[in-house]
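Heads up: the structure comes next, in C-alpha cells.
Here the structure is a predicted model, which is why all the values come from computation and not from measurement. These values consider heavy atoms only, across backbone and side chains, with no hydrogens, waters or symmetry-generated copies.
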Amino acid sequence: ETSLVEINLPLMASEVSALLTSIEVQMQEQRDRRLEKLKPPSRLVQNWYIVAPSVPLALYVAYVLMRNSLGARLYKTIRENVSMLYEEHVRDPLEFLYDSLLTNKQRKDINDEIARIKAIESLKNMMKSWLDESFPDIPSAERARMAEEMDMSLLEERKEYNIRNTLYNAPEIMRLTFMESQFMKK
C-alpha cells in the first residue's frame, strides 16, 4: 500500500523564503562586523606623530600667553576686531536690507559721520574768515556766533548783491557758492 502525503507548496515556499531572508540578514550583519574591523583608523590615529609633539607645544604657548597676560590682551583685541568686522560687514548691511525691503522705516542716512563733521568744521572756518574779511565792523563775538551757528543770511544777501555785477564780483560769487555747497553737505 502506498500512502499519499499532501504537500502544501505555498506554505513551503513561504517558509523557505523566511529562512532565506533570515540568512541574508545574518550574512549582512557578519559582513558589517568584518568591514568594521577592516576600516582604516581615524586620521588622528594615522597622524599621531604630528599630534604628539603639538600637544606639549600648544600647552607651552598657552602657558607663555597666560604668564604675562598676553593671552587676555590678544583675546580682547581679537574679540574687538571680530565684533567690529561683524557689525560693519554683517549686522549693519543686514539691518539696512531688512529696513529697506521689509519695513516701512525710512532709509537710514548712509553718510560717513567723520566726513560730515569735517565738512561742518570747514564751513564754520570758511564763514568765520569770510565774516572777518567782509564785515570787520560787526563785533567779533557776533561774527563768531554767526560762524558757529552757520548763519547763512548775510552770505545769501551778499551773493544776491554781487550777482548784479557778476563780471566784477566773480571771485567772491565763487567763494560764496562754495560755502553754500559746504552748507548743503552738512
Side-chain angles (χ1 to χ4, degrees), residues 43-44 47 50-186:
R43 292 183 62 88
L44 186 66
N47 298 319
I50 295 173
V51 175
S54 65
V55 170
L57 181 64
L59 291 174
Y60 177 73
V61 168
Y63 167 74
V64 169
L65 289 175
M66 293 304 172
R67 184 180 61 198
N68 297 327
S69 71
L70 292 173
R73 287 186 284 174
L74 179 66
Y75 172 74
K76 183 180 177 187
T77 304
I78 289 172
R79 190 185 75 218
E80 288 172 356
N81 289 340
V82 167
S83 67
M84 186 173 63
L85 181 87
Y86 171 77
E87 287 173 9
E88 289 178 358
H89 297 286
V90 177
R91 192 192 74 200
D92 290 347
L94 286 176
E95 224 174 70
F96 175 74
L97 287 172
Y98 177 79
D99 288 344
S100 299
L101 299 173
L102 303 174
T103 65
N104 291 330
K105 292 181 185 176
Q106 292 290 344
R107 272 184 26 163
K108 289 183 181 176
D109 200 15
I110 307 179
N111 288 333
D112 185 7
E113 188 65 23
I114 296 170
R116 187 172 103 26
I117 291 170
K118 285 182 180 179
I120 289 172
E121 289 302 315
S122 174
L123 175 63
K124 288 178 183 179
N125 292 336
M126 284 190 284
M127 287 194 69
K128 181 160 179 17
S129 70
W130 177 74
L131 287 169
D132 290 344
E133 291 173 13
S134 302
F135 299 98
D137 53 323
I138 296 177
S140 64
E142 181 67 17
R143 290 192 308 252
R145 182 197 63 78
M146 291 174 78
E148 187 63 33
E149 292 177 2
M150 296 176 279
D151 185 3
M152 301 294 284
S153 58
L154 277 177
L155 187 136
E156 289 171 0
E157 287 176 18
R158 180 60 74 98
K159 188 174 178 187
E160 286 175 16
Y161 175 77
N162 285 337
I163 283 183
R164 292 184 200 133
N165 300 320
T166 307
L167 188 59
Y168 299 112
N169 299 324
E172 181 148 1
I173 291 172
M174 288 175 60
R175 184 177 182 189
L176 297 173
T177 304
F178 183 67
M179 282 193 277
E180 281 181 338
S181 70
Q182 282 294 100
F183 182 77
M184 289 179 192
K185 277 186 185 178
K186 74 173 189 98

inquiry  = Atom CZ of residue position Arg43 - does it have more than 12 heavy atoms of other residues, nucleotides or ligands inside 6.0 Å?
reply    = no
task = To the nearest 0.5 Å, tell me how far Tyr75 OH sits from Met66 CE.
result = 10.5 Å
query = Between the main-chain N or O of Leu131 and the side-chain N or O of Ser134, is there a donor-acceptor pair closer than 3.5 Å?
reply = no
key: Residues Lys118, Glu121: salt bridge by 4.0 Å N-O rule   = no
query = Under a 4.5 Å cut-off applied to non-hydrogen side-chain atoms, are Thr177 and Met174 in contact?
reply = no
task = Report yes or no: does Asp151 contribute a side-chain atom to a donor-acceptor pair with the main-chain N or O of Ser153 at less than 3.5 Å?
result = yes
key: Of all pairs that satisfy ring-ring contact (aromatic ring centres under 6.0 Å, His included), the ones with a partner from residues 127-156, not counting sequence neighbours   = Trp130-Phe135
ask   = Nearest heavy-atom pair of Pro56 and Pro53: which atoms, and what distance?
value = CD-O, 3.3 Å
With sequence neighbours excluded, residues passing side-chain hydrogen bond (donor to acceptor under 3.5 Å, both in side chains) with Ser69 = none
inquiry  = How close do Lys124 and Ala147 get, counting heavy atoms only, and between which atoms?
reply    = CG-O, 3.4 Å
inquiry  = Restricting to non-hydrogen atoms, name the atom on Glu88 and the atom on Pro93 that form the minimum distance, rounded to 0.1 Å.
reply    = O-CD, 3.4 Å
ask   = Could you state the interatomic distance from CZ (Arg145) to CD1 (Ile138), rounded to the nearest 0.5 Å?
value = 9.5 Å
query = Which atoms form the tightest heavy-atom contact between Leu123 and Met150, and what is the distance?
reply = CD2-SD, 3.5 Å
query = Are side-chain heavy atoms of Leu85 and Val90 found at a separation under 4.5 Å?
reply = no
query = How many angstroms lie between CD in Glu156 and CE in Met179, if you round to the nearest 0.5 Å?
reply = 11.5 Å
Ser83: side-chain hydrogen bond (donor to acceptor under 3.5 Å, both in side chains) partners, not counting sequence neighbours = none
query = If we only count heavy atoms from C-beta on, is the Arg143 to Met127 side-chain gap below 4.5 Å?
reply = no
message = I need the Arg116 CZ to Ile114 CD1 distance, nearest 0.5 Å.
response = 12.0 Å
query = When rounded to the nearest 0.5 angstrom, what distance separates CG in Leu154 from CE in Met152?
reply = 10.5 Å
ask   = Atom NZ in Lys76, atom CD1 in Ile78: separation rounded to 0.5 Å?
value = 13.5 Å
query = Side chains of Lys128 and Asn125: does their closest heavy-atom pair fall under 4.5 Å?
reply = no
